[in-house]
Amino acid sequence: MAFFLSSKSLEIILENLGKRYNQNWIFRGLTWTIPAGESLAILGNNGSGKSTLLQMILGSQTGSEGSIRFVDQSEEIPSEKNYRVCSIAAPYLDLFEELSLIENFQFAHQFHSLSCTLNDFLEITGLAAAKERQLKFFSSGMKQRVKLGLALLSTKPVVLLDEPCSNLDAEGMQWYNRMVADYHKNRILIVSSNSDPTEMGFCKTTIDIRNYKNNG
């Protein structure tokens with residue numbers, strides 16, 4: 001089965017999903033279907049569980065109950081392969097600080113199948129002048145552009161963005177919204193946000209994670 005090509009038919013099904021730490025339920029009873037091409041915002045304050053839900057969809061965390069299913073034309077993707085159809089940009093995911101921007105792009109291209117050339121990436125992100133610089137010398141806003149560029153310019157049918165406007169100035173936020181408009185295409189786009197309209201104003205639907213608390 002091919003895991004990368006059917007972005008127009010892939011859907012994500014959350015069924016009675018819950019996550020618990022010790023005896024404390026972070027959220028519980030979440031059932032939702034995310035159709036192909038959907039732009040969805042997961043809303044909540046800091047510590048509410050929205051980043052946890054995003055990581056569960058990616059497959060880097062497991063749920064305490066319920067299931068997450070990726071279904072492509074009635075054929076289900078094995079759960080251990082979910083990460084292969086997802087790209088993600090998140091504050092807790094680090095870039096290779098000792099490598100240059102060019103080297104980070106080349107490394108990502110080997111594993112994530114980007115839809116652009118290096119020169120295109122540098123132009124799109126506006127970082128061509130820093131292409132030879134190690135990322136440890138980048139500002140936080142420049143690093144965020146790299147993360148968002150790698151996620152949105154991937155060929156994967158699901159894009160996960162955790163608080164994508166973190167560390168972006170006003171110009172960076174405008175750039176982010178142009179990126180989403182230009183490269184969302186028919187893919188599923190899921191944004192985790194503290195209800196910041198700049199981050200998620202384009203989303204068609206929302207899930208407020210706070211509505212799934214105190215159910216245990």
Side-chain angles (χ1 to χ4, degrees), residues 7 10-21 24-72 77 79 81-94 144 147-152 154 156-168 172-173 176-177 179-181 183-216:
S7 60
L10 178 69
E11 63 179 7
I12 302 173
I13 302 170
L14 315 180
E15 295 180 331
N16 197 34
L17 196 62
K19 181 66 174 181
R20 181 176 63 188
Y21 291 108
N24 180 36
W25 285 96
I26 307 303
F27 58 85
R28 196 178 191 188
L30 174 54
T31 295
W32 202 283
T33 296
I34 307 170
E38 180 72 291
S39 51
L40 169 72
I42 302 172
L43 306 180
N45 55 312
N46 291 339
S48 60
K50 58 186 186 297
S51 294
T52 297
L53 176 55
L54 212 65
Q55 292 178 64
M56 290 168 63
I57 293 171
L58 177 66
S60 61
Q61 287 200 37
T62 57
S64 302
E65 65 180 14
S67 64
I68 299 174
R69 299 166 53 223
F70 284 56
V71 179
D72 185 359
I77 296 174
S79 59
K81 303 292 186 182
N82 288 357
Y83 75 95
R84 294 181 61 186
V85 301
C86 298
S87 63
I88 184 170
Y92 41 82
L93 296 179
D94 294 326
Q144 187 66 1
K147 290 181 181 182
L148 291 170
L150 292 175
L152 285 163
S154 75
K156 297 186 178 182
V158 180
V159 180
L160 309 174
L161 305 178
D162 197 347
E163 298 188 3
C165 288
S166 298
N167 302 315
L168 293 181
M173 292 179 186
Y176 159 72
N177 277 278
M179 286 286 291
V180 170
Y183 299 105
H184 175 207
K185 302 177 182 177
N186 296 313
R187 299 185 290 175
I188 292 175
L189 176 61
I190 305 176
V191 179
S192 165
S193 176
N194 293 329
S195 303
D196 182 347
T198 304
E199 289 184 321
M200 42 70 65
F202 53 83
C203 290
K204 298 176 184 177
T205 57
T206 62
I207 296 175
D208 193 325
I209 200 71
R210 292 165 292 192
N211 293 335
Y212 299 91
K213 292 187 176 295
N214 302 318
N215 292 325

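Smallest separation of non-hydrogen atoms from Val191 and Glu199: CG1-O, 3.8 Å. Contact between Ile209 and Gly44 at its shortest, heavy atoms only, is CG2-CA, 4.2 Å. Across all their heavy atoms, Pro164 and Tyr176 have their closest contact at CG-OH, 3.3 Å. Scanning all heavy atoms of the two residues, the minimum distance from Ala89 to Leu148 falls at CB-CD2, 3.9 Å. Nearest heavy-atom pair, Leu58 versus Cys86, reported as atom, atom and distance to 0.1 Å: CD1-CB, 3.7 Å. Considering every non-hydrogen atom in both Tyr183 and Leu152, the closest pair reads CB-O, 3.7 Å.
Proximity of a side-chain donor or acceptor of Lys213 to a complementary backbone N or O of Ile26 within less than 3.5 Å is detected. Lys147 places a side-chain N or O within donor-acceptor distance of the main-chain N or O of Leu93, the cut-off being under 3.5 Å.
Between the CG atom in Asn45 and the CZ atom in Arg210 there is a gap of 5.5 Å [rounded to 0.5 Å]. Note that CZ of Arg187 is 4.5 Å distant from OG of Ser154, once rounded to the nearest 0.5 Å. Distance OG1/Thr62 to CE/Met56: 7.5 Å, rounded to 0.5 Å. Annotation: the span from Leu17 atom CG to Thr31 atom OG1 amounts to 8.0 Å, rounded to 0.5 Å. A distance of 11.0 Å separates CD1 in Ile207 from OG in Ser192, rounded to the nearest 0.5 Å. Here the CG atom belonging to Leu53 is positioned 11.0 Å from the CH2 atom belonging to Trp32, to the nearest 0.5 angstrom.
By the 4.0 Å N-to-carboxylate-O rule, Arg20 lies too far from Glu65 to be salt-bridged with it.
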Exercise for review: For side-chain hydrogen bond (donor to acceptor under 3.5 Å, both in side chains), just list the numbers for Glu38 and Thr205, CA-CA rounded to whole Å, side-chain angles, deciding distance to a tenth of an Å, and then say yes or no.
Suggested key: CA-CA 8 Å; Glu38 180 72 291; Thr205 57; 3.2 Å; yes
